Amino acid sequence: MSSLPSLLSARVAAVTGVDPELRPATKPQFGHFQSNVALRLANAEGRRARDVATEIVAKLEIADLCEPPEIAGPGFINFRLRTDVLAAAVTDQLAEPGLGIVAADRSETVVIDYSAPNVAKQMHVGNLRSTIIGDCLHRVLAAVGHRVIPQNHIGDWGTQFGMLVEQIMLDGTDVLSLDLAGAEAVYQRANAHFKADPDFATAARRRVVALQSGDPETRQVWRQLLEISKAAFNAAYARLGVLLTDADLAGESIYNDDLAAVVAELEESGIAVIDDGALCVFVEGFNAPMIVRKADGGYGYSTTDLAAVRHRVRNLHANRIIYVVGAPQSYHFDQVFAVSRLAGFLPADVRAEHVAFGQVLGADGKKFSTREGTAVTLNTLLDAAEEQAAPAVAMAAVKYADLSTGLNKDYVFDVGRMVQTTGNTGPYLQYAHARMSQVLRKADAEGYGEQTKVLVLDEPAEQTLALLLTRYGEIVDEVAETLQPHRLCAYLYDLAGALSIFYEQCPVLKSTGDVRDSRLALCVATKRVLASGLNLLGIEALDRM
RNA sequence: GCCCCGGUAGCUCAGUGGAUAGAGCAGCAGCCUUCUAAUCUGUCGCGCGUAGGUUCGACUCCUACCCGGGGCGCCA
């Protein structure tokens with residue numbers, strides 16, 4: 001099964017001998033696809049580009065696919081698909097369950113590490129990005145046939161739990177009576193206490209040891225903190241409609257028992273050396289070593305991340321590991337990957353990628369701080385969104401606002417922007433879908449039948465829509481490869497825009513015969529592709545708005 | 001000091017080395033007895049941080065610099 005562009009591309013390559021680099025035309029008057037192959041060849045051969053283009057066009061055998069190609073500008077070759085070919089392509093697409101999404105050549109086991117909220121802290125808008133980007137990548141990779149293993153690497157371990165548990169036991173607090181805001185307040189109090197009172201600090205450090213060595217009383221409090229946190233996380237996930245469940249929880253704590261073994265392997269292989277009392281791994285290209293065991297004998301998060309890589313490769317059999325974590329961690333992950341390669345935890349044929357997203361900044365352009373209370377909690381944002389629109393629409397607005405821009409850019413948090421429902425937004429896509437549902441409902445009521453064949457495609461608005469529809473599969477492929485959800489957003493926005501123009505210019509229910517049947521089939525195809533694409537974004541496709 | 005990310009229209013952002021750099025928002029002007037006006041049409045507005053370089057061709061690649069943000073041994 002090959003797509004129209006790849007078929008055409010192969011035909012052109014047969015004449016030119018090189019990849020024609022067929023691209024979607026930048027403007028409608030340039031047809032459907034354009035190639036600059038003549039310009040490149042002309043330069044290499046020292047000839048005039050238009051002459052080369054003329055020669056190529058004369059040799060092309062593509063009459064079964066295209067109108068006669070046109071040579072334009074300095075030597076571009078413009079292709080316009082025959083409308084019957086385009087119509088047939090949509091008909092074929094409609095017959096496929098995947099709507100043009102094709103399974104990857106090789107199905108991989110992909111571990112995606114995302115969301116990762118901290119236990120005993122409320123989720124804030126920063127957690128939102130990891131959660132919804134990860135959820136989208138999860139859906140996209142699964143759609144192209146990969147086995148996806150989500151890993152929610154929650155922050156459920158480390159020194160902060162020493163002070164937290166110590167404070168709770170000191171106060172005699174019943175943890176199960178706390179909500180997350182309450183737990184977070186205890187954490188902030190413990191933090192201040194830790195700084196102000198050396199005796200408390202000592203007790204807190206002892207408490208960390210007790211936690212790690214499995215002291216029953218300490219573990220009991222810790223488990224309760226975990227419990228109330230999980231309940232809150234799950235409530236947030238349900239509200240957002242993301243795929244994560246308790247089965248995907250794989251927090252820092254589960255690697256506790258692996259840490260000594262990981263370090264032992266590093267020592268045995270001679271990769272790790274003692275420096276300044278700490279066990280370090282020096283890797284070329286990094287200006288600081290990775291500390292895998294602190295001078296006091298404790299382990300930090302680097303060791304946990306190494307253990308996670310090792311586990312994901314050895315036990316989960318990952319072919320690809322994706323970390324959806326903020327951009328400030330880039331250096332850390334580069335180092336984790338590099339050390340993992342050295343240590344053999346990460347074989348050369350396993351890809352490891354850090355999907356680094358920019359930070360969410362406050363209105364002042366500064367980083368949000370949980371400690372200073374400037375961070376906006378997830379629930380505050382979602383509440384604000386739901387003041388603007390019904391929950392499903394509000395979630396669409398929030399998610400799309402986050403997914404539709406490039407990932408690596410910081411953004412200033414602006415509720416007004418995130419809950420926008422007009423223009424290039426999630427609700428606009430939902431609206432396009434709802435309109436199609438409405439048309440098809442009415443068609444059904446009129447007894448026009450389920451149309452699945454596009455027979456005529458005379459109007460430019462129909463052709464533009466059809467051409468866009470056929471691109472769906474390649475776009476999903478691109479996102480699976482590049483891990484850039486905003487490309488899918490841009491595509492769906494273009495599709496919805498083309499649909500709106502079609503809707504304005506091409507009456508469906510008032511037309512007759514083959515024209516009506518074809519338009520109905522276009523409506524079905526567009527509705528399905530929108531529904532599929534929205535689903536990949538984690539946005540609900542609505543039948544009415 | 002070194003490293004990473006960003007700088008494109010008033011604002012928020014797209015932009016596969018290729019044609020006259022595009023969207024949304026905001027502004028202005030229009031279209032609702034016609035399949036949903038969360039739509040659509042028109043209009044105003046940028047020559048892509050700066051300076052060089054490579055190339056037939058640069059927002060895109062290279063070099064230097066400026067501005068903003070982030071990171072860089074025992075927090076996670």
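These figures come from a predicted structure and were not determined experimentally. Lettering of chains follows the sequences in order, A, B, ..., and the numbering in each one begins at 1.
Residue A:Arg435 has its side chain nearest to B:U36 when only B:U36, B:A19, B:A76 are considered. Closest to the side chain of A:Thr405, from the set B:G18, B:C13, B:A19, is B:C13. Side-chain proximity of A:Gln160 to B:A76, B:C2, B:C35: nearest is B:A76. Side chain of A:Tyr503, nearest nucleotide from B:G71, B:U36, B:U34: B:U36. Taking only side-chain atoms of A:Asn408, from C-beta outward, the nucleotide of B:U36, B:U20, B:C5 with the closest atom is B:C5. Of the candidate nucleotides B:A38, B:A37, B:C74, B:A38 has the atom lying nearest to any side-chain atom of A:Val393. Of the listed nucleotides (B:G70, B:C35, B:U12), B:U12 has the atom at the smallest distance from the side chain of A:Arg417. Among the nucleotides B:U36, B:G18, B:U16, the one closest to any side-chain atom of A:Arg40 is B:G18. Checking B:A76, B:G24, B:G71 against the side-chain heavy atoms of A:Pro328 singles out B:G71 as nearest. In the set B:G73, B:C35, B:U8, the nucleotide with an atom closest to the side chain of A:Lys409 is B:U8.
Nucleic acid contact class of A:Phe30 (heavy atoms, under 4.0 Å, all strands): base. As judged by a 4.0 angstrom heavy-atom cut-off over every strand, A:Asp275 is placed among the base-contacting residues. At a threshold of 4.0 angstrom between heavy atoms, the contacts of A:Ala278 include nucleobase atoms, whether or not backbone atoms are also involved. Heavy atoms of A:Arg23 sit under 4.0 angstrom from at least one base atom. Residue A:Cys506 is in base contact, counting any heavy-atom pair closer than 4.0 Å across all strands shown. Residue contacts shown for A:Gly406 are limited to sugar-phosphate atoms, with no base heavy atom under 4.0 Å away. Contact annotation for A:Gly300: backbone-only contact, meaning every heavy-atom pair under 4.0 Å involves sugar-phosphate atoms and none involves a base. Among the atoms of the strands shown, base atoms are found under 4.0 Å from some heavy atom of A:Asn287. Using a 4.0 Å heavy-atom criterion, one finds that A:Ala432 contacts no nucleic acid atom at all. The residue A:Asn78 sits close to a base: some heavy atom pair falls under 4.0 Å. At a threshold of 4.0 angstrom between heavy atoms, the contacts of A:Ala295 include nucleobase atoms, whether or not backbone atoms are also involved. Using a 4.0 Å heavy-atom distance criterion, A:Arg293 is classed as making no nucleic acid contact. At the heavy-atom level, A:Arg205 lies nowhere under 4.0 Å from the strands shown.
For the C1' atoms, the distance linking B:G24 with B:U63 amounts to 36 Å, nearest Å. B:C4 and B:U12 have their C1' atoms separated by 24 Å, with the value rounded to a whole Å. On the C1' atoms, B:A58 is 16 Å away from B:U50, given to the nearest whole Å. Taking atom C1' in both B:C48 and B:U43, one finds a spacing of 23 Å when rounded to whole Å. Comparing B:G22 with B:G45, their P atoms sit 14 Å apart, to the nearest whole Å. Comparing the C1' positions of B:C11 and B:A26 gives an interatomic distance of 7 Å, to the nearest angstrom. On the P atoms, B:G1 is 30 Å away from B:A14, given to the nearest whole Å. Here, B:G6 and B:C61 have their P atoms 10 Å apart, quoted to the whole Å.
Side-chain nitrogen and oxygen atoms of A:Gln438 include none within less than 4.0 Å of the OP1 or OP2 phosphate oxygen of B:C35. For A:Tyr431, a side-chain nitrogen or oxygen approaches OP1 or OP2 of B:A38 to under 4.0 Å. Distances shown here put every side-chain N or O of A:Tyr411 at or beyond 4.0 Å from the OP1 or OP2 atom of B:C11. Between A:His332 and B:C72 there is no side-chain N or O to OP1 or OP2 distance below 4.0 Å. For A:Asn424, no side-chain nitrogen or oxygen approaches OP1 or OP2 of B:C25 to under 4.0 Å. Contact check, A:Arg516 against B:C35: no side-chain N or O comes under 4.0 Å of OP1 or OP2.
The pair A:Lys527-A:Asp543 meets the salt-bridge criterion, with a side-chain N (NZ, NE, NH1 or NH2) lying under 4.0 Å from an Asp/Glu carboxylate O. Ion pairing between A:Arg47 and A:Glu55 holds under the 4.0 Å rule for side-chain N and carboxylate O. Classification of A:Asp51 and A:Arg48 as a salt-bridged pair holds, one side-chain N sitting under 4.0 Å from a carboxylate O.
In this entry the distance linking CD of A:Glu478 with C1' of B:U16 reads 8 Å, nearest Å. Put simply, NE2 on A:His486 is 9 Å from C1' on B:G15, counting in whole angstrom units. With rounding to whole Å, A:His354 atom NE2 is found 13 Å from B:G71 atom P. Across the protein-nucleic acid pair, A:Met418 atom CE and B:C25 atom P stand 18 Å apart, rounded to whole Å. Regarding A:Glu504, its CD atom lies at a distance of 18 Å from the P atom of B:G30, rounded to whole Å. The nearest whole Å value for the distance from the CD atom in A:Gln430 to the P atom in B:U36 is 18 Å. If you take CD of A:Gln34 and P of B:G18, they are 9 Å apart, rounded to a whole angstrom. Summarising the geometry, the separation between OH on A:Tyr301 and P on B:G71 is reported as 11 Å, rounded to the nearest angstrom.
For the side-chain contact (heavy atoms from CB on, under 4.5 Å) criterion with A:Cys280, the lone passing option out of A:Asp275, A:Ile271, A:Val292, A:Ile274 is A:Asp275.
With its glycosidic angle more than 90° from 0, B:C59 adopts the anti conformation. Base orientation for B:G47: syn, the chi torsion being within 90° of 0.
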Pair A:Asn424, A:Tyr400 - check side chain to side chain donor-acceptor pair (under 3.5 Å), show working. CA-CA 9 Å; A:Asn424 186 359; A:Tyr400 189 87; 2.6 Å; yes
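Side-chain N/O atoms of A:Asn287 and A:Tyr331 include a donor and acceptor closer than 3.5 Å.
For A:His332 and A:Tyr301, the ring centers sit closer than 6.0 Å to each other. In this structure, A:Tyr299 has its ring center no closer than 6.0 Å to that of A:Tyr255.
Looking at which nucleotide of RNA chain B each of A:Ala434 and A:Pro24 is closest to, the 5′-most match is held by A:Pro24.
Pairing for B:C61 goes to B:G53, judged as Watson-Crick or G-U wobble with the two contacts each under 3.5 Å.
A cation-pi arrangement is present between A:Arg516 and A:Tyr448, with the terminal nitrogen or guanidinium carbon under 6.0 Å from the aromatic centre and inside a 45° cone about the axis.
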